[in-house]
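Computed from a prediction, not measured in an experiment: that's the story for all the values here. A note on names: the letters A, B, ... follow the listed sequences, proteins ahead of strands, and every chain is numbered from 1.
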Number of protein chains: 2
Amino acid sequence: MTTVEEPARSGGRLRDAARTRAEILDVATKEFARAGYAGARVDEIAARTRTTKRMIYYYFGGKEQLFTAVLERAYSVIRQAEQELDVEHLDPVAAIRRLAELTFDHHEEHPDFIRLVSIENIHEAEHIAASEELARIGSPALDVISRILESGRKSGLFTADVDAVDLHAMISSFCFFRVANRHTFGALFGRDLVAADQREHYRAMLGDMVIAYLTADRTAD
Amino acid sequence: MTTVEEPARSGGRLRDAARTRAEILDVATKEFARAGYAGARVDEIAARTRTTKRMIYYYFGGKEQLFTAVLERAYSVIRQAEQELDVEHLDPVAAIRRLAELTFDHHEEHPDFIRLVSIENIHEAEHIAASEELARIGSPALDVISRILESGRKSGLFTADVDAVDLHAMISSFCFFRVANRHTFGALFGRDLVAADQREHYRAMLGDMVIAYLTADRTAD
DNA sequence: CTACTAACTATCCAGTGGGTTAATTAGCCG
DNA sequence: CGGCTAATTAACCCACTGGATAGTTAGTAG
């Protein structure tokens with residue numbers, strides 16, 4: 001996320017389209033994540049920017065397209081992180097655990113992204129569907145998972161019959177729920193799923209779960 | 001106005017406070033689940049009801065309290081379902097699998113409830129926190145899980161060191177994600193997590209995952 | 001039957017919110 | 001330096017929205 005925090009136009013040009021655009025996106029990301037799509041206010045986004053509301057319409061066209069642009073940028077960040085995955089030099093068990101941990105870390109570090117995804121699901125992914133950019137790209141992580149799974153299955157370590165997409169769903173669900181539902185879960189069960197001192201506990205739990213699933217002894221069935 | 005416009009208020013009296021209240025809650029549940037808290041319109045809720053907008057303020061006080069009432073009723077439904085859990089006559093492994101499957105089924109059958117929970121998390125569970133009713137009650141399922149875990153650990157079948165709350169989180173995360181994130185997941189990865197012909201696949205996957213985690217051979221660590 | 005109250009209807013209102021019109025200026029190119 | 005355009009600003013618009021006011025009627029207790 002290319003955060004713009006220039007101290008009030010000092011140094012740079014007064015009129016910088018790229019900077020203005022980026023600043024609007026930064027503020028809009030926070031505002032949409034905070035209040036939801038309908039709850040976010042274009043006026044409020046403009047007010048927190050060094051520009052005016054008219055600029056939002058000038059650059060993005062409207063609230064809907066602004067939200068789509070926010071989503072596109074948010075997804076591009078995780079796509080990029082996934083492209084830097086480097087776990088294939090490890091043995092399959094260690095590689096999967098490492099991958100799960102990286103997913104875990106990424107979710108923890110980007111709560112705004114998780115909120116945006118929740119919001120987009122409330123709207124039935126209509127903005128993703130309308131975005132060529134988002135509809136096109138898949139997930140680099142899937143290729144990595146595929147290769148690890150294949151190698152693990154070949155060596156006889158992995159017994160589970162899953163494909164990369166399903167395993168990705170399994171890993172994501174745990175990471176996503178922990179961050180996305182921490183408020184209702186905390187309020188109802190009195191346990192903070194993202195408490196700092198429980199971080200390692202849940203990180204290990206995720207890895208244990210995925211490895212146990214993949215390597216379970218299925219001859220006993 | 002003698003011309004009858006309505007099918008004359010099914011059955012009962014014309015003025016029925018309980019029926020009117022319930023009808024408002026029904027419609028409000030759908031509307032909030034559909035559009036989010038800020039996106040839902042009090043006018044729209046009223047219009048879909050046989051009563052008027054004024055009645056919403058008469059019975060609930062305002063939009064915020066209406067949403068809280070919607071949440072309270074939604075949670076009371078799952079609380080009730082959990083109270084009917086009857087799995088403790090099974091052996092621990094079968095009991096946990098059955099419990100996971102019931103959770104799986106409940107999530108699938110109540111997509112509106114899942115949406116409301118997502119929405120409430122966007123608002124950081126402020127309505128739950130403000131509701132005595134919701135803050136008070138826990139989850140009957142937790143007691144059931146506790147007892148199964150204890151019996152499974154005593155008999156040496158379960159090796160994992162988890163408590164009921166964490167196991168509940170693990171099971172819920174899979175079930176919740178599958179329903180809540182089906183739109184973005186489907187749009188990005190081209191896989192419908194709630195496709196009817198994949199239902200048994202994911203149901204089994206959940207059970208396998210939880211059992212594998214609980215019974216994994218931990219001597220090899 | 002009467003009177004009283006809970007249940008209900010009709011209508012209005014002030015603030016808000018997404019979007020727009022039109023005028024202004026910085027920066028660059030020749 | 002003059003002129004052109006992208007970037008920017010200020011002010012306005014009006015449909016909508018949560019909420020409020022005030023008046024009306026069904027049901028019932030006595």
- prompt: So do the side chains of A:H110 and A:I78 get within less than 4.5 Å of each other, counting heavy atoms only?
  reply: no
- line: Side-chain atoms of B:K63 come closest, of C:dT9, D:dG18, C:dG19, to D:dG18
- prompt: Got more than 12 heavy atoms from elsewhere within 6.0 Å of CG, B:D112?
  reply: yes
- prompt: What is the distance, rounded to the nearest whole Å, between atom CE of A:M55 and atom C1' of C:dT25?
  reply: 12 Å
query: Hey, does A:A40 reach any base, or is it just sugar-phosphate, or nothing, if we go heavy atoms under 4.0 Å?
result: sugar-phosphate
field: Spacing of B:E64 atom CD relative to D:dG18 atom C1', expressed in whole Å
entry: 12 Å
message: Under 4.0 Å, heavy atom to any atom of DNA chain D: which of residues 22-34 of chain B qualify?
response: none
Of all pairs that satisfy salt bridge (Lys or Arg N to Asp or Glu O under 4.0 Å), the ones with a partner from residues 136-150 of chain B, not counting sequence neighbours: B:E88-B:R147
message: The criterion is ring-ring contact (aromatic ring centres under 6.0 Å, His included); which residues satisfy it with A:Y37, sequence neighbours excluded?
response: A:F32, A:F67, A:H123, A:H127
task: Could you tell me whether A:D16 and A:R50 make a salt bridge, using a distance below 4.0 angstrom between a side-chain N and a carboxylate O?
output: no
Table of protein N/O atoms under 3.5 Å from nucleotides 20-24 of chain C N/O atoms:
from: C:dT21; atom 1: O4; to: A:R54; atom 2: NE; distance (Å): 2.9

query: Would B:R191 and A:D163 pass as an ion pair if we require N to O under 4.0 Å?
result: yes
- request: Report the distance from atom CG of B:D43 to atom P of C:dT16, rounded to the nearest whole Å.
  value: 18 Å
task: For residues A:A164 and A:L142, report the shortest heavy-atom separation together with the two atoms involved.
output: CB-O, 3.6 Å
- prompt: Strictly by modelled atom types, are B:T49 and B:E23 linked by a side-chain donor-acceptor pair under 3.5 Å?
  reply: no
Whole angstrom value for the distance that separates C1' of C:dG19 from CZ of A:R41: 14 Å
- prompt: Roughly, in whole Å, what's the span from CD1 in A:I56 to P in C:dG17?
  reply: 14 Å
message: With a cut-off of less than 4.0 Å, is there a side-chain N or O of A:Y59 near OP1 or OP2 of D:dT8?
response: yes
No-hydrogen, no-angle side-chain donor-acceptor test under 3.5 Å, B:E82 and B:S139: yes
task: Can you tell me the distance, in whole Å, between the CZ atom of B:R19 and the P atom of C:dA7?
output: 12 Å
message: Using a 6.0 Å cut-off, check whether atom CG of B:D161 has over 12 heavy atoms from anything other than its own residue.
response: no
- request: Rounded off to whole Å, could you give me the CZ-to-P distance for the B:F60 and D:dG18 pair?
  value: 16 Å
message: Distance check needed: D:dT28 C1' versus B:D16 CG, whole Å only.
response: 15 Å
message: Tell me the bend of the helix from C:dC1-D:dG30 to C:dG30-D:dC1 as the angle between end helix axes, each from five pairs, rounded to the nearest 10 degrees.
response: 10°
query: Would you say D:dT8 has OP1 or OP2 under 4.0 Å from some side-chain N or O of A:T20?
result: yes
task: May I ask you to check whether B:S131 and B:E72 show a side-chain donor-acceptor distance below 3.5 Å?
output: yes
query: Is any side-chain nitrogen or oxygen of B:Y58 closer than 4.0 Å to OP1 or OP2 of C:dA7?
result: yes
field: Listed once per pair and sorted, the salt bridge (Lys or Arg N to Asp or Glu O under 4.0 Å) pairs that draw on residues 197-206 of chain A, sequence neighbours left out
entry: A:E101-A:R203, A:D105-A:R199, A:D105-A:R203, A:E108-A:R199, A:E200-A:R203
